[in-house]
Amino acid sequence: MGLIEIELFTTLDLVGQAPGGPDEDPDNGFAYGGWQAPLLDDVAGAQVAAAYESTDALLLGRRTYDIFAAYWPHQEGGADDDIATLFNRVPKYVASRGTPDLSWAGSTQLGPDLAAAVREVRDRHEHVKVVGSLDLVQTLLREKLFDRLDLWVHPIVLGAGKSVFDGGAVPSNLVLLEPPAASPRGTVLLRYALAEGTPGTGDMAAPDRGVEHGA
């Protein structure tokens, strides 16, 4: 069985909507599309590139798939040749209730039982990357159908926009896989793995803080 690995860019207030550009996701009049662009530096860029190196499949929501399908097939030989070549080569799995255009080579629409379909994808591949796709991410969080969560936290607060944990979060334990890594412009990479059980509770005033471990 492989790994489902979620790769997300977020602000300090956990907004994950439209980091790449103003037309990426203008839902609800979101005015800050492209907020990531002024904060990207060589260190963060290298971190992102390294995160994709072992990818052997992409798992995408419909909106992200449509954006990628219109962009990446035309980027080979350019500045982002490595990622373009990778994304164009590996299988792409699309979560959509509609009828997406699957003309991007290697694209497949998942069946209506999304949880079962994702499990089948995980059984078929070693490193399945989920990029953006906030609506899909909510389902994966709710079903605990992910193995790793990489968050690039950027040093801005927007106060509006879709949240990384926008309705999909359930009580979960995670383990920090490596020390946080900061870039020169203040973006911090936090890399977590899903752990067993649910969060415990305690009482800071009690002996040993009254810690009770979750199930």
Side-chain angles (χ1 to χ4, degrees), residues 1-10 14 16-20 24-25 27 48 51-73 75 83-152 161-175 177 190-198 215:
M1 184 175 70
L3 302 174
I4 303 289
E5 301 168 340
I6 300 173
E7 312 291 333
L8 289 177
F9 307 115
T10 179
L14 296 180
Q17 184 173 353
E24 182 178 336
D25 182 0
D27 282 3
V48 173
Y52 290 137
E53 284 180 352
S54 59
T55 302
D56 62 347
L58 292 174
L59 174 60
L60 305 171
R62 169 69 180 273
R63 188 191 297 269
T64 300
Y65 172 81
D66 286 345
I67 293 170
F68 279 21
Y71 180 78
W72 287 113
Q75 302 308 310
I83 292 180
T85 300
L86 173 65
F87 283 5
N88 291 329
R89 174 175 53 81
V90 302
K92 277 75 70 173
Y93 298 95
V94 189
S96 174
R97 297 184 182 92
T99 55
D101 177 358
L102 300 175
S103 57
W104 190 13
S107 298
T108 303
Q109 183 174 0
L110 297 178
D113 187 343
L114 183 58
V118 170
R119 290 187 179 95
E120 290 179 4
V121 170
R122 182 165 59 181
D123 287 342
R124 198 175 301 143
H125 298 281
E126 292 297 320
H127 295 279
V128 181
K129 298 291 186 180
V130 181
V131 187
S133 308
L134 286 180
D135 291 340
L136 170 61
V137 165
Q138 304 315 306
T139 299
L140 300 180
L141 293 172
R142 189 180 304 113
E143 299 290 336
K144 295 190 177 182
L145 269 176
F146 70 99
D147 301 282
R148 197 173 82 185
L149 175 62
D150 291 348
L151 291 176
W152 279 268
K162 298 176 184 177
S163 170
V164 169
F165 303 105
D166 192 10
V170 297
S172 306
N173 290 323
L174 294 97
V175 176
L177 292 176
L190 301 173
R191 178 161 286 157
Y192 292 98
L194 182 66
E196 294 183 355
T198 56

Basic-acidic side-chain contact under 4.0 Å: Arg119, Asp123: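 Salt bridge: no.
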Ion pair present between Arg63 and Asp135, side-chain N to carboxylate O less than 4.0 angstrom?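 No, this pair does not count.
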Got a donor-acceptor contact below 3.5 angstrom from the [X] side chain to the [Y] backbone?
{"X": "Gln17", "Y": "Asp25", "value": "yes"}
{"X": "Asn173", "Y": "Glu196", "value": "yes"}
{"X": "Ser163", "Y": "Phe165", "value": "yes"}
{"X": "Lys92", "Y": "Val90", "value": "yes"}
{"X": "Ser133", "Y": "Val131", "value": "yes"}
{"X": "Gln75", "Y": "Ile83", "value": "no"}
{"X": "Asp150", "Y": "Glu7", "value": "no"}

Quick one: closest heavy-atom pair of [X] and [Y], and the distance?
{"X": "Thr198", "Y": "Pro171", "result": "CG2-O, 3.7 Å"}
{"X": "Lys144", "Y": "Ser172", "result": "CE-OG, 3.2 Å"}
{"X": "Val164", "Y": "Leu134", "result": "CA-CD2, 4.2 Å"}
{"X": "Tyr192", "Y": "Leu174", "result": "CB-CD2, 3.7 Å"}
{"X": "Val130", "Y": "Leu140", "result": "CG2-CD1, 3.8 Å"}
{"X": "Ala51", "Y": "Arg191", "result": "CB-NH2, 3.8 Å"}

With His125 via ring-ring contact (aromatic ring centres under 6.0 Å, His included) - residues at least two apart: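 With sequence neighbours excluded, His125 shows a ring-ring contact (aromatic ring centres under 6.0 Å, His included) to Tyr93, given in chain and number order.
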Which residues pass the ring-ring contact (aromatic ring centres under 6.0 Å, His included) test with Tyr52, not counting sequence neighbours?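 So Tyr52 forms a ring-ring contact (aromatic ring centres under 6.0 Å, His included) with Phe87.
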How long is the span from the [atom1] atom in [X] to the [atom2] atom in [Y], to the nearest 0.5 Å?
{"X": "Lys129", "Y": "Thr55", "atom1": "NZ", "atom2": "OG1", "answer": "4.5 Å"}
{"X": "Asp147", "Y": "Leu149", "atom1": "CG", "atom2": "CG", "answer": "11.0 Å"}
{"X": "Gln138", "Y": "Lys162", "atom1": "CD", "atom2": "NZ", "answer": "10.0 Å"}
{"X": "Glu53", "Y": "Leu86", "atom1": "CD", "atom2": "CG", "answer": "9.5 Å"}
{"X": "Leu141", "Y": "Phe146", "atom1": "CG", "atom2": "CZ", "answer": "5.5 Å"}
{"X": "Glu24", "Y": "Asp66", "atom1": "CD", "atom2": "CG", "answer": "12.0 Å"}

Might you work through the side chain to side chain donor-acceptor pair (under 3.5 Å) test for Ser96 and Tyr65, ending with a clear yes or no? CA-CA 10 Å; Ser96 174; Tyr65 172 81; over 6 Å; no
Phe68 vs Trp104 aromatic rings, parallel, tilted or perpendicular, using cut-offs 30° and 60°?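 Geometry flag for Trp104 against Phe68: perpendicular rings.
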So do Leu136 and Leu59 actually touch side chain to side chain, heavy atoms under 4.5 Å?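 Yes. Closest side-chain heavy atoms under 4.5 Å.
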Using side-chain heavy atoms (C-beta onward) and a distance below 4.5 Å, is Asp166 in contact with Leu14?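 The answer is no, as the side chains (C-beta and beyond) never meet within the 4.5 Å cut-off.
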Working for side chain to side chain contact (heavy atoms under 4.5 Å, CB included), residues Leu145 and Ile4: CA-CA 7 Å; Leu145 269 176; Ile4 303 289; 5.9 Å; no
For Leu151 and Phe9, what are the C-alpha separation, side-chain angles and deciding distance, and is it a side chain to side chain contact (heavy atoms under 4.5 Å, CB included)? CA-CA 6 Å; Leu151 291 176; Phe9 307 115; over 6 Å; no
